Amino acid sequence: MAAVNVRDVAALAGVSLGTVSNALNRPERVSPATLLRVQQAIDRLGFVRNDAARQLRAGRSRSIGLIVLDIGNPFFTDVATGAEDRAFEEGFAVLLGNSQGNPTREAAHLDLFEEQRVRGMLVSPVAEIWPQLKRLRTREIPAVLVDRAISDTSFSSVSVDDIAGGTLAVTHLLGLGRRRIAFVGGPTKIRQVSDRLEGASRALDGVNGATLEVLGAQALTVLEGRRIGEAIVARRPADRPDAIFAANDLLAVGLLQGLSMLGGLRVPDDIALVGYDDIAFAAAAVVPLTSVRQPSALLGRTAVDLLLAESHDPGGFEPQQVVFTPELVVRASTGGGAGAGVSAGAGGGAGDLAGQELT
């Protein structure tokens with residue numbers, strides 16, 4: 001059976017092809033009575049518009065590409081949810097690509113989304129992809145960096161101050177009297193990891209007797225955290241850290257398993273533990289995790305707003321770099337109560353628009 005097309009709709013409604021086109025794309029140009037006849041014909045015939053063909057003719061898509069580092073990480077799931085919710089409100093769909101921290105996969109997703117003629121791209125980058133993004137802009141495909149600040153202010157970005165977040169985490173541990181601090185994270189080629197490590201290092205400046213040991217992780221996963229936790233348990237007690245700052249909550253959950261559930265150490269008595277992202281698992285862990293909170297869904301929503309603003313006015317839009325302030329949520333893994341919040345700055349928490357900086 002042949003597919004129903006616009007000619008069939010026009011014939012049943014008793015109108016021209018141009019009228020059907022206006023009813024579908026510019027309904028304000030069609031009288032209410034005619035619009036009703038066209039809609040009734042569409043409903044009766046079961047007509048479904050070929051949106052891909054329409055986009056090809058118009059050169060404008062109703063889709064946005066989103067490339068994340070690891071969709072298995074609940075942080076990026078929340079970012080994607082925020083982006084999809086905001087895009088849906090504006091009549092757009094989000095196409096998701098998962099780079100898995102692999103530059104080759106990232107490049108392939110960029111090429112694929114370009115072929116799909118997406119309206120724009122949101123990217124949490126692995127590699128230095130600025131040449132590709134500049135080329136995309138010449139094809140009127142703007143891009144916004146997500147969870148990553150950049151020095152090139154010709155692009156918009158939405159991020160959290162990870163250096164401040166790392167400082168906040170380790171300052172909290174030092175305030176508890178801990179002095180043998182370990183940072184667990186990697187690969188350090190990921191900018192967010194290196195920034196959190198830099199913040200941790202800054203917190204130790206001028207603190208007598210405090211040391212920072214860097215324990216490199218091959219991936220930001222629960223299994224890798226468990227492996228490192230078990231390695232710490234195998235050390236002599238005097239050689240173990242008395243506090244750990246993990247680069248994300250998945251590592252922290254794995255460390256908790258390796259240290260206490262498998263290794264018999266007490267968290268926080270023997271080793272205090274801080275994670276990063278404040279995913280849902282943090283509060284639900286056997287020992288609820290102290291964590292640095294990021295406004296994950298708000299990152300996604302804000303990125304879509306910036307992308308659509310540039311898409312609607314590419315010549316007049318001034319790129320913006322939006323930086324949110326992180327917040328420390330103190331829980332039992334450092335001896336705290338049920339989710340007390342401490343901001344990195346005096347201006348408010350990470351989930352509050354008043355706590356963001358625009359540059």
Side-chain angles (χ1 to χ4, degrees), residues 61-101 105-106 109-110 112-113 116 118-126 129 133 136 141-150 155-162 165 190-192 195-196 220 248-250 276-282 291-312 317 319-327 329 348-359:
S61 171
R62 303 297 293 178
S63 298
I64 295 169
L66 169 62
I67 304 174
V68 300
L69 284 172
D70 178 14
I71 196 58
N73 185 335
F75 166 74
F76 286 109
T77 304
D78 291 344
V79 170
T81 298
E84 199 277 333
D85 286 346
R86 185 69 187 100
F88 182 79
E89 292 168 3
E90 296 296 326
F92 287 83
V94 172
L95 306 178
L96 179 64
N98 181 21
S99 72
Q100 296 183 349
R105 287 178 62 101
E106 178 177 72
H109 285 308
L110 287 169
L112 177 61
F113 288 155
Q116 296 294 317
V118 295
R119 181 64 63 92
M121 297 193 202
L122 311 177
V123 187
S124 184
V126 181
I129 57 173
L133 297 186
L136 288 170
I141 302 177
V144 174
L145 281 296
V146 181
D147 193 38
R148 171 77 177 271
I150 55 172
F155 288 98
S156 291
S157 64
V158 181
S159 64
V160 172
D161 188 342
D162 284 322
I190 298 175
R191 177 66 178 273
Q192 294 90 325
D195 281 355
R196 292 165 196 177
L220 299 166
N248 77 354
D249 283 340
L250 295 182
Y276 206 105
D277 292 336
D278 195 34
I279 62 176
F281 294 158
S291 184
V292 179
R293 175 178 292 166
Q294 301 196 77
S296 48
L298 185 57
L299 287 172
R301 293 183 65 90
T302 305
V304 170
D305 283 336
L306 291 174
L307 186 72
L308 293 181
E310 181 173 355
S311 174
H312 293 325
F317 178 76
Q320 300 179 47
Q321 290 71 50
V322 180
V323 183
F324 288 94
T325 303
E327 177 187 5
V329 180
D352 184 349
L353 279 171
Q356 72 184 34
E357 302 171 7
L358 278 70
T359 59

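In this text the structure is predicted, and so the values were computed from the model without any measurement.
- Judged purely by atom type and a 3.5 angstrom limit, Gln321 has no side-chain atom pairing as donor or acceptor with the backbone of Ser157.
- In this structure Glu310 satisfies the salt bridge (Lys or Arg N to Asp or Glu O under 4.0 Å) test together with Arg137, sequence neighbours excluded.
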- Message: side-chain contact (heavy atoms from CB on, under 4.5 Å), that's the test. Do Thr325 and Asp161 meet it? Break it down for me.
- Response: CA-CA 6 Å; Thr325 303; Asp161 188 342; over 6 Å; no
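- With values rounded to the nearest 0.5 angstrom, Gln116 atom CD is found 8.0 Å from Ser63 atom OG.
- If you check the side chains of Gln294 and Asp278, you find no donor sitting under 3.5 Å from an acceptor.
- Side-chain N/O atoms of Asp249 and Ser291 include a donor and acceptor closer than 3.5 Å.
- Side-chain contact check for Leu122 versus Ile64: some heavy-atom pair is nearer than 4.5 Å.
- Taking Val94 as the reference, Leu66, Glu84, Ala87 meet the side-chain contact (heavy atoms from CB on, under 4.5 Å) condition, with sequence neighbours excluded.
- Taking the side chain as every heavy atom from C-beta outward, Leu69 and Ile190 approach each other to under 4.5 Å.
- For the salt bridge (Lys or Arg N to Asp or Glu O under 4.0 Å) test, no residue two or more places apart in sequence or in another chain qualifies with Asp70.
- Here the closest non-hydrogen pair linking Ser156 and Leu306 is CB-CD1, 4.1 Å.
- For the pair Glu106/Ile129, a side-chain contact is recorded, criterion being any heavy-atom separation below 4.5 Å from C-beta on.
- Heavy atoms only, all atoms of each residue included: Val146 and Ala303 are closest at CG2-CB, 3.8 Å.
- Looking at residues two or more places apart in sequence or on another chain, you find a salt bridge (Lys or Arg N to Asp or Glu O under 4.0 Å) between Asp162 and Arg196.
- Other residues, nucleotides and ligands place no more than 12 heavy atoms under 6.0 Å from the CZ atom of Phe281.
- Within the 4.5 Å cutoff, no side-chain heavy atoms of Phe155 are placed close to those of Val144.
- For the pair Val322 and Ser159, the minimum side-chain heavy-atom distance is 4.5 Å or more.
- At least one donor-acceptor pair closer than 3.5 Å links the side chain of Thr77 to the backbone N or O of Ile71.
- Summarising the geometry of Phe324 relative to Leu298, their closest heavy-atom pair is CE2-CD2, 3.4 Å, with the distance given to 0.1 Å.
- Distance CZ/Phe76 to CG/Leu299: 9.5 Å, rounded to 0.5 Å.
- Partner of Val304 under the side-chain contact (heavy atoms from CB on, under 4.5 Å) criterion, chosen from Thr302, Leu307, Leu308: Leu308.
- Residue pairs meeting the side-chain hydrogen bond (donor to acceptor under 3.5 Å, both in side chains) criterion with at least one member in residues 88-97, sequence neighbours excluded: Arg86-Glu89, Arg86-Glu90, Glu89-Arg301.
- For Ser124 against Val68, the heavy-atom pair with the smallest separation is CB-CA, 4.3 Å.
- For Ser296, the side-chain contact (heavy atoms from CB on, under 4.5 Å) criterion is met by Phe75, Asp78, Val79, not counting sequence neighbours.
- Taking each heavy atom of Tyr276 and Pro326 in turn, the nearest pair found is OH-CB, 4.4 Å.
- Residues Leu96 and Ile67 form no side-chain contact, since every pair of their non-hydrogen atoms from C-beta on lies 4.5 Å or further apart.
- Every side-chain contact (heavy atoms from CB on, under 4.5 Å) that Leu136 has, sequence neighbours left out, goes to Leu110, Glu114, Met121, Leu133, Ile141.
- Arg293 contributes atom CZ, which lies 5.0 Å from atom CD of Glu327 (distance to the nearest 0.5 angstrom).
- Taking the side chain as every heavy atom from C-beta outward, Asn73 and Leu250 approach each other to under 4.5 Å.
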